[in-house]
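Every chain is numbered from 1, with letters handed out A, B, ... down the list of sequences.
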Number of protein chains: 2
Amino acid sequence: MLRKLAYRNLPQLFLKAREELLCHFRPIITHFGLTEQQWRILRALGEHEEMEPREICETCHILSPSMTGVLSRMEEMGLITRERMAGDQRRVLVRMTPKSDKLVSELGPLIVEQYKIIEQSFGPELIQQLYEVMDKVIAAERAPIARVALPPKKDWTNITG
Amino acid sequence: MLRKLAYRNLPQLFLKAREELLCHFRPIITHFGLTEQQWRILRALGEHEEMEPREICETCHILSPSMTGVLSRMEEMGLITRERMAGDQRRVLVRMTPKSDKLVSELGPLIVEQYKIIEQSFGPELIQQLYEVMDKVIAAERAPIARVALPPKKDWTNITG
DNA sequence: GTTGACTGACTAATATGTTAGTGATTGAAT
DNA sequence: ATTCAATCACTAACATATTAGTCAGTCAAC
């Protein structure tokens, strides 16, 4: 029996659209030996001089457990430094190194150029619409949204049919 | 030195907006013991009766190497069956089981309900705008987009500063 | 009938996502 | 001074993402 839901899969559309955008930037990023996440972090650090891990988590949308590994690798690569804060031994300060600063100064302009190319192709209106709609969705976050009532939990693992 | 790029990080905005949507569906999906990816696959199978792995990859935006593992686990859980095609031994047919059919019949309506709730909260216009803009971006895929020229590759791993 | 390009699923290795939980540290209330 | 909840980075365990490559099966050309 075929089951077709009334709504198209919206998160999946986001996934596809995001990939369609990202595929134009990925070659640039990997050309410099970085991963997407590492570039997000360097881009953020390029605007803030020093940041704490949890700030980077929020800004770059990377969960804390992933962040630990990413920062460790970036530290090994000489792209960042980590230093415990004097006043609060729980907290950590992350900074760029001269090496990553140089890297960003080369990579950044290429990213901007690619944006311009995409803007030409998509049309500036579409880019503008994108920013607007994204901001609206993100703003909607503030208004609490109800959740459907869930039925009692079954253990589907042990149901044969 | 602070470096601020001329364009906001658009793929990152997609990531955030997608997460803002998904967080309203995730609890429903995990309540039934599924992952996001598993649900995407079941939803697709619910509309197609039988699919080949590479079709599922395209439809659900999951890369082939991930698909192997996901399908293996779903087969173990009794959610799908895999069968080699008679005519072409390379190809495989994936189908739902009575168990997963029952699961989708319970889960599907809850997802639809949650969409309605979100539509109320976001406003129907925003949902409509979302579908429109996403489709535009995805449609833009067809027009080939140029790539910025990349400088000669350096090995940033071994540069000190 | 062999060859050779191609296809489709799969494997391998590494990085990240996701959920739950730990342990040290802090700060407010006792 | 002590207790207690909260905070923050981190660990653990598993699932998925990403890139590259393997391997058997197919199909067309020779």
D:dT7 C1' sits how many Å from A:Met85 CE, rounded? 13 Å
Please confirm whether the backbone N or O of A:Leu103 pairs with a side-chain atom of A:Ser100, one donor and one acceptor, at under 3.5 Å? no
To the nearest angstrom, the CG-C1' distance between A:Leu71 and D:dT11 comes to 15 Å
Does the distance from a Lys or Arg side-chain N to an Asp or Glu carboxylate O, for B:Glu113 and B:Lys116, drop under 4.0 Å? yes
Pairing donors with acceptors under 3.5 angstrom, does anything connect the side chains of B:Ser72 and B:Arg82? yes
Please state how far atom CZ in A:Arg40 lies from atom P in C:dA15, giving the value in whole angstrom units. 16 Å
Spacing of A:Ile80 atom CD1 relative to D:dA9 atom P, expressed in whole Å: 12 Å
Any chance you could list the contact pattern along nucleotides 23-28 of chain C? Use B for base contacts, S for sugar-phosphate-only contacts and - for none, protein heavy atoms under 4.0 Å, 5' to 3'. --BS--
Should the heavy atoms of other residues, nucleotides or ligands under 6.0 Å from CZ of B:Arg26 be counted, would the total exceed 12? yes
Residue whose nearest DNA chain D nucleotide is more 5′ - A:Glu36 or A:Val92: A:Val92
Looking at DNA chain C, which of residues 42-65 of chain A put a heavy atom within less than 4.0 Å of it? A:Ile62, A:Leu63, A:Pro65
Toward the 5' end of DNA chain C, by each residue's nearest nucleotide, B:Thr68 or B:Arg18: B:Thr68
Any heavy-atom pair between the side chains of B:Leu126 and A:Val133 that's under 4.5 Å? yes
For atom CD1 of A:Ile29 and atom P of D:dT19, their distance in whole Å: 11 Å
Roughly, in whole Å, what's the span from CG in A:Leu15 to C1' in C:dT16? 14 Å
Applying ring-ring contact (aromatic ring centres under 6.0 Å, His included) between B:Tyr7 and each of A:Phe25, A:Tyr131, A:Tyr115, report the one that passes. A:Tyr115
Is it the case that the side chain of A:Arg95 and the backbone of A:Glu50 share a donor-acceptor pair, with hydrogens and angles ignored and the cut-off at 3.5 Å? no
Taking it one step at a time, do A:Met74 and A:Leu42 satisfy side-chain contact (heavy atoms from CB on, under 4.5 Å)? CA-CA 10 Å; A:Met74 290 179 77; A:Leu42 286 187; 3.6 Å; yes
Looking at B:Met77, is its backbone amide N or carbonyl O close enough to the side chain of B:Lys99 to form a donor-acceptor pair, meaning the two atoms are under 3.5 Å apart? yes
Just the rounded figure in Å: distance from P of C:dT16 to CD of B:Gln12. 15 Å
Among C:dT16, D:dC8, C:dC10, find the nucleotide with the atom closest to the side chain of B:Arg82. C:dC10
Give a yes/no answer on whether the side chain of A:Thr35 brings an N or O atom under 4.0 Å of OP1 or OP2 in C:dT16. yes
Taking only the side-chain nitrogens and oxygens of A:Gln37, find out if one of them lies under 4.0 Å from OP1 or OP2 of C:dG17. yes
Is there a side-chain contact (heavy atoms from CB on, under 4.5 Å) between B:Trp39 and B:Ile28? Walk through the geometry before answering. CA-CA 10 Å; B:Trp39 165 240; B:Ile28 307 176; over 6 Å; no
By nearest-heavy-atom nucleotide on DNA chain D, the more 5' of A:Leu22 and A:Ser66 is A:Ser66
Round to a whole Å and report the spacing from CE of A:Met67 to C1' of D:dT7. 17 Å
Hey, does the side chain of B:Arg84 come within less than 4.0 Å of C:dA9's phosphate (OP1/OP2), counting only N and O? no
